[in-house]
Structures are given as C-alpha cells and as structure tokens.
2 protein chains.
Amino acid sequence: MRWSALPPVNTLLPFEATVRHASMTAAAQELHVTHGAVSRQVQNLERSLGISLFERQTRALRPTPQARQLAAVVRDALDQIDAAARQIAQRTPAGPLTLSCEPTLLMRWLIPRLPDLAVNVPDVAIHLSAGGGPVFFERDNIDLAIRRDDFPFPEEASRTRLFAERIGPVCRPDLATRLTGAAGVSQVALLHTDTRPKAWDDWRRITGMKAEPASQQTLEHFYLTLQAAAAGVGVAIAPYAVARDDLERGQLVAPFGFVPDGTSYHLLSRQSPEQDGRVRQLTAWLRDKTSQLENDSEPV
Amino acid sequence: MRWSALPPVNTLLPFEATVRHASMTAAAQELHVTHGAVSRQVQNLERSLGISLFERQTRALRPTPQARQLAAVVRDALDQIDAAARQIAQRTPAGPLTLSCEPTLLMRWLIPRLPDLAVNVPDVAIHLSAGGGPVFFERDNIDLAIRRDDFPFPEEASRTRLFAERIGPVCRPDLATRLTGAAGVSQVALLHTDTRPKAWDDWRRITGMKAEPASQQTLEHFYLTLQAAAAGVGVAIAPYAVARDDLERGQLVAPFGFVPDGTSYHLLSRQSPEQDGRVRQLTAWLRDKTSQLENDSEPV
DNA sequence: AAGACCTGTGAGTAGAATTCACGCATGCGA
DNA sequence: TCGCATGCGTGAATTCTACTCACAGGTCTT
C-alpha cells in the first residue's frame with residue numbers, strides 16, 4: 001500500500017487555510033463553511049498524525065513549526081495538482097457567459113468590480129444583462145442570474161446562496177444629525193422606488209421605528225434614489241450591497257445601520273458549477289466577493 | 001481564491017489507483033471499496049475537469065495521455081505530503097504492539113508473513129499472542145486481536161472486517177482421487193479438531209454432502225490436523241486461510257474447494273486506527289494481505 | 001452458446017461533514 | 001470593573017456525500 005502515512009486528504013484544505021490565516025474562523029470564511037467544520041477537520045488531521053499542530057491560545061491560534069512545514073508542503077503539492085488540472089481541463093469554449101442581475105445591484109456593485117473580475121477570472125468572458133423577477137434561462141438566453149429569494153426559483157436551476165439582504169436608510173452625511181434626533185426620519189423627505197415599493201414598510205416593521213415623512217418622492221430604481229440621497233434630497237432606503245461603496249467613500253452614511261429583511265441573494269445557473277469550468281470560476285469569484293457583504297460590520 | 005482549478009481532492013486517490021492499474025476493479029481492491037465507488041469518483045473527477053480521462057473499451061480501460069500526466073502529478077504531490085506527514089507524525093513510541101490471534105491462523109498464515117511485515121512496516125514492533133474467544137484488551141494487555149465473528153465483540157473496540165471464512169476438506173494429493181469417487185469422503189478417516197468441533201457438520205450442512213467416515217480422529221488444533229492430512233492420515237476440514245500456503249506448495253489439495261460458512265474475520269483494536277500511527281499501519285498491512293484471501297479463487 | 005470479466009447506474013443506506021447553538025476563556029473599551 | 005466582542009471547542013441534529021448492492025450491457029473466452 002502506498003502512502004501509509006498519508007492523512008485524510010479532505011483535512012488538508014481546511015488545515016492549510018487555517019495555517020495561512022493563523023485562524024480557523026478566517027479559514028472557514030475563505031472556504032465558506034463554519035468555524036466548527038474547520039475545527040473538526042483540523043482535529044481529524046491532528047488525531048491522524050498523532051501530534052498537535054496548533055498552540056491554542058485563547059485569542060490567537062499559533063501554528064507549530066511542524067504545522068507550518070506541513071502546510072508549505074501541502075500548498076506546494078496542491079499547486080502542482082492545480083496547475084496540472086488547469087493545463088488538462090477543458091479549454092474554455094468560445095462564447096461569453098450571460099449574467100442577469102437586478103439593475104441597481106448591477107450598476108452599484110457588480111460593474112465597479114468588473115476590473116477585479118477581469119484580473120481574477122481572465123479566461124471567462126461575461127455578458128451582463130439587467131433584469132429582475134422570474135428567470136427563464138432558455139427564453140432569455142441567460143446562463144446565470146443573481147436573484148433575491150422573494151419568489152420561487154425554477155426547480156431545475158442549480159443555486160448557490162450568496163449573501164443576506166440587509167436594508168437601511170442612507171442619506172448625505174450632513175443630514176444624518178437631523179435624523180437621529182427625536183423626530184427621527186420624519187424630518188426629511190423619504191425616497192421610494194418603484195421596484196421595491198415595500199422597502200420602507202419592511203424596515204419600519206423590522207425595526208419598529210416610525211417614519212412619518214415631511215414629504216415623499218418616488219423614483220424608478222434604487223440607484224436613482226441613491227443619487228438623490230447623495231444630492232441631499234432626502235433619505236433613501238437601500239440594500240447594503242448597493243450602498244456599500246458610497247458609504248466607504250463617505251458620500252452617504254447609514255445612521256441606523258442595516259437590518260436583515262429575511263431574504264437572501266442567490267446565484268442561479270443553468271448548468272451546475274461542476275459541469276462547466278467557467279461557471280465554477282465565476283461562482284467562486286462571486287462567492288468570494290459577496291462573502292464580504294455578509295461579514296462586513298457596516299460603518300454606522 | 002487559490003487553486004481555482006483544483007478538482008475535488010477525494011477523487012484523486014481512486015483516480016490515481018485506477019490509472020496505475022488501468023482498471024477500476026483493481027483500484028477498488030487496492031482501496032478496499034467496490035468498483036462502483038471508484039467508478040463514481042472517477043466520473044466526478046472527469047466532470048470536474050470537463051474532459052474524459054479514460055477510453056472505455058469494453059474489456060479494458062485505457063487512461064488517456066492527460067490522465068497519465070495528471071496521475072503522475074498527483075502521485076508526486078501525494079508522495080510529498082506523505083513524506084512530510086511521516087516526518088512530522090508522532091515518532092513511534094517504544095513498546096511493541098501485542099496482537100492476539102487464533103493459534104492456527106497464527107502458525108499457518110501470520111508467522112509465514114512476518115518477513116513481509118518487517119519489510120513493509122519496519123517501524124512497528126509486534127508481539128504475537130496465541131489466543132481465541134472473548135477479547136479483554138486491558139486484562140490481557142492486548143492491543144489488537146484477530147477474531148472470527150462467532151461471538152459478540154466488545155462494544156468499545158474499533159473493528160475492521162478482514163475476510164470471510166471459507167472452509168473445505170483438504171488432504172494429501174494422492175488421496176484426492178479416492179474422495180471424488182462415488183463414496184465421497186466416506187472412504188477415509190476424518191480429522192477433527194477440539195477448537196472447532198462443528199466444522200465438519202457446518203460443511204455438510206452448507207454443501208449438502210455426506211461424510212460417513214470409515215474412521216475418525218480428533219486433534220487439538222487445525223494445524224495438527226493439517227499435519228496429519230499432509231501425512232496421509234486422512235481428510236481434514238480447514239479454513240482456506242490456514243490451508244492456503246500448503247495448497248500452493250502442493251502439499252495438500254482441496255478436492256471440493258472451499259465454501260463460505262457465513263462468518264468473517266475481524267481485526268479488533270483498543271484504539272481506533274486513526275489515533276495511533278502504528279495501529280493504522282498494521283491495519284493497512286493486514287487489510288492488504290488478507291484481501292487476497294478474499295479474492296483468491298482457490299486452486300481446486 | 002454459455003460463462004467470465006469489466007464498467008455503468010438506479011436505488012437505498014451508512015457514515016461523514018456540516019451546522020447550530022451554546023459554553024468557555026480572555027482581551028478590550030467604557 | 002463590568003459588560004461585550006472575539007475565537008475556539010463541542011454535543012446534538014441534520015444534511016449530504018460516498019458507498020454498497022444488485023442488475024444491465026457489452027465483449028472476450030472456451
């Protein structure tokens with residue numbers, strides 16, 4: 001029997017990631033699993049080798065020298081296999097993948113990240129399509145779609161959960177002080193959208209806060225309300241994902257933070273990711289990028 | 001995300017073995033699983049890479065050049081990990097492992113294979129102990145035991161199935177012609193043992209054959225009856241495992257072959273194989289060696 | 001023509017991996 | 001000094017993968 005000392009191979013990835021981050025929680029995030037799963041796999045590996053691979057300090061996890069050494073070997077070995085697989089695997093067939101996405105998320109989240117996509121997934125050409133609601137892969141010639149699970153998904157689609165929806169009021173920084181006063185959001189104009197008319201109601205229901213506005217205004221899309229909010233017209237209610245970059249740049253603030261509304265965004269695909277290397281790569285990239293939306297504790 | 005092309009790691013071992021043997025069935029035997037399991041894992045890998053890795057000819061399986069290439073890389077990568085693990089893993093603590101085994105199996109199967117054990121599992125010192133029946137790890141200071149499942153095993157023991165018991169009459173080659181005549185085994189002396197007094201009854205029940213002997217003789221152990229049989233005293237009933245080497249050398253023949261009696265041999269161990277590298281190695285070696293007992297179509 | 005041999009596959013299952021929810025220890029900020 | 005946040009371990013429940021079993025289909029052997 002070859003490889004008599006070979007530990008269980010499924011423990012290697014969690015282990016390597018844990019050493020690299022010196023943290024199980026971080027490794028778990030990278031692998032899109034819970035820290036418990038990583039913890040158990042690392043324990044498996046330790047049990048299999050008969051030695052301890054980490055110094056468990058209360059706050060930090062310190063890989064032992066042996067662990068570093070093993071991790072380096074594993075990293076190297078997996079690199080080789082990865083390279084070989086890449087060389088061998090099906091050459092990406094021609095034709096771009098078409099990805100359908102809600103217009104606002106498209107404009108304020110996905111498009112700004114296209115350069116990153118081009119760098120990290122260079123072989124896959126993407127065609128973007130703004131759209132929402134029910135997905136018809138065949139009819140609309142769509143390969144992938146990002147959708148919120150507020151309607152039933154087609155049975156045959158393969159789905160991957162991306163991130164939880166979190167909504168909250170956003171406005172220009174100088175308006176924020178007025179909002180947090182006793183009168184709350186009632187002081188200023190509320191900005192509504194046609195595409196998600198219930199957004200403010202949802203928020204009121206979830207937070208229990210009142211919002212009797214001085215005036216109201218309805219615009220077609222979230223991204224228009226964001227424009228208006230940034231211009232100081234009033235307060236918009238926005239998903240964290242679409243507001244994120246503006247918050248980071250300081251163009252908007254979210255005085256009340258964001259709250260989950262119970263829905264999540266999913267990636268729907270015609271073929272399962274395993275069947276098509278391009279779909280798999282794109283899925284991996286999206287999962288990676290969106291996981292930060294999940295884990296961000298947003299600036300308040 | 002690292003390793004974007006990395007296929008599922010658990011598919012790699014079955015794949016590598018399949019390429020090496022150019023056969024799924026052979027790979028399955030090596031890995032102690034069914035060919036179906038290997039088939040599915042290979043399919044997983046192919047699906048993940050998007051290419052076919054074998055030319056399925058009806059009788060033979062021909063790995064494609066890509067498959068050979070990938071398998072070589074995998075082999076190499078696993079070698080590295082194996083070596084690193086070996087270096088790191090707990091240095092074998094002092095003190096031999098004690099293995100308890102039925103006297104006959106010990107003398108006629110295990111002891112002849114000790115040289116092979118010494119070559120393939122050099123780091124593990126073994127202490128052998130002849131014994132049967134219930135296993136008391138603590139009391140008898142036993143680490144491992146090979147036992148037939150004709151009595152309940154201790155609950156806490158970790159068990160690994162080794163091979164199915166098959167029994168059959170054996171005798172000196174020149175006696176065989178007399179046996180296969182109309183009179184059957186009735187012509188010659190039947191050799192019994194104290195340790196398995198029901199063996200002949202079992203065989204009669206299973207095969208439906210008659211065995212009214214001219215005379216009978218009882219000896220203490222199977223290996224004594226085998227001695228007697230080889231000396232031409234009569235016909236002994238023996239497990240295939242203990243008769244195997246004598247059959248191969250031509251000292252005995254089994255004119256009626258061997259039939260499963262429904263029981264199996266198991267390896268019982270105090271610690272689970274994963275917890276102790278020595279136990280794991282020894283278990284692997286035993287599984288490997290005993291699998292041929294399972295798969296042999298014995299010489300008739 | 002029958003049987004041996006090898007792989008693929010649908011259905012059912014056992015066991016592994018994962019999640020969930022909680023506990024514990026500690027550092028950190030108010 | 002007291003919450004509070006952070007990070008890991010873990011029992012129990014759940015989900016899901018890998019496996020087995022039994023059978024089918026094809027071809028080579030005798």
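Just so it is clear: chains get the letters A, B, ... in the order the sequence lines come, proteins before strands, and each one is counted from 1.
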Crowded around A:Arg161 CZ? As in, over 12 foreign heavy atoms under 6.0 Å?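 Buried by this count: over 12 neighbours within 6.0 Å.
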Nucleotide N/O to protein N/O under 3.5 Å, stretch nucleotides 26-30 of chain D:
from   : atom 1 : to      : atom 2 : distance (Å)
D:dT27 : O4'    : B:Thr58 : OG1    : 2.9

Residues which pass side-chain contact (heavy atoms from CB on, under 4.5 Å) with [X], listed by chain and number, not counting sequence neighbours:
X	result
A:Arg287	A:His32, A:Thr160, A:Leu162, A:Thr283
B:Gln29	B:Asn295
B:Thr25	B:Ser23, B:His35
B:Arg40	none

Tell me every residue that passes salt bridge (charged side-chain N to carboxylate O under 4.0 Å, His left out) with A:Asp202, counting only those two or more places apart in sequence or in another chain.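 Listed in chain order: A:Arg205.
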Output all residues satisfying salt bridge (charged side-chain N to carboxylate O under 4.0 Å, His left out) with A:Asp245, sequence neighbours left out; order by chain, then residue number.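 Partners of A:Asp245 by the salt bridge (charged side-chain N to carboxylate O under 4.0 Å, His left out) criterion, ordered by chain and then number, come out as A:Arg113.
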Residues in ring-ring contact (aromatic ring centres under 6.0 Å, His included) with B:His21, at least two apart?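 With neighbours one apart ignored, the set is empty.
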Those residues that, when tested against B:His266, pass ring-ring contact (aromatic ring centres under 6.0 Å, His included) (two or more places apart):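 Per chain and number, B:His266 pairs via ring-ring contact (aromatic ring centres under 6.0 Å, His included) with B:Phe153.
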Distance, rounded to the nearest Å, where [X] contributes [atom1] and [N] contributes [atom2]:
X	N	atom1	atom2	answer
A:Glu46	D:dC8	CD	C1'	12 Å
B:Gln57	D:dG25	CD	C1'	17 Å
A:Gln43	D:dG11	CD	C1'	12 Å
A:Leu61	D:dG9	CG	C1'	11 Å

Could you pull out every donor-acceptor pair under 3.5 Å between side chains of residues 70-80 of chain B and any protein atom, sequence neighbours left out?
from    : atom 1 : to      : atom 2 : distance (Å)
B:Arg75 : NH1    : B:Glu16 : OE2    : 2.4
B:Asp76 : OD2    : B:Gln80 : NE2    : 3.3
B:Asp79 : OD1    : A:Trp3  : NE1    : 2.7
B:Gln80 : OE1    : A:Gln80 : NE2    : 3.4
B:Gln80 : NE2    : A:Gln80 : OE1    : 3.4

D:dG7 OP1/OP2 closer than 4.0 Å to side-chain N/O of A:Arg56: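 It does not, given that no N or O in the side chain of A:Arg56 lies less than 4.0 Å from OP1 or OP2 of D:dG7.
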Pairs under 3.5 angstrom, nitrogen or oxygen only, protein versus nucleotides 14-20 of chain D, please.
from   : atom 1 : to      : atom 2 : distance (Å)
D:dA18 : OP1    : B:Asn10 : ND2    : 2.3
D:dC19 : OP2    : B:Gln41 : NE2    : 3.4
D:dT20 : OP2    : B:Thr34 : N      : 2.6
D:dT20 : OP2    : B:Thr34 : OG1    : 2.7
D:dT20 : O4     : B:Arg40 : NH1    : 3.0

Which of parallel (below 30°), tilted (30 to 60°) and perpendicular (above 60°) describes B:Tyr265 and B:Phe163?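 Plane angle under 30°, so parallel.
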Anything under 4.0 Å to a heavy atom of chain B counts; send over the first and last such nucleotide of DNA chain C, read 5' to 3'.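 Taking any atom under 4.0 Å from a heavy atom of chain B, the span is C:dC5 to C:dA11.
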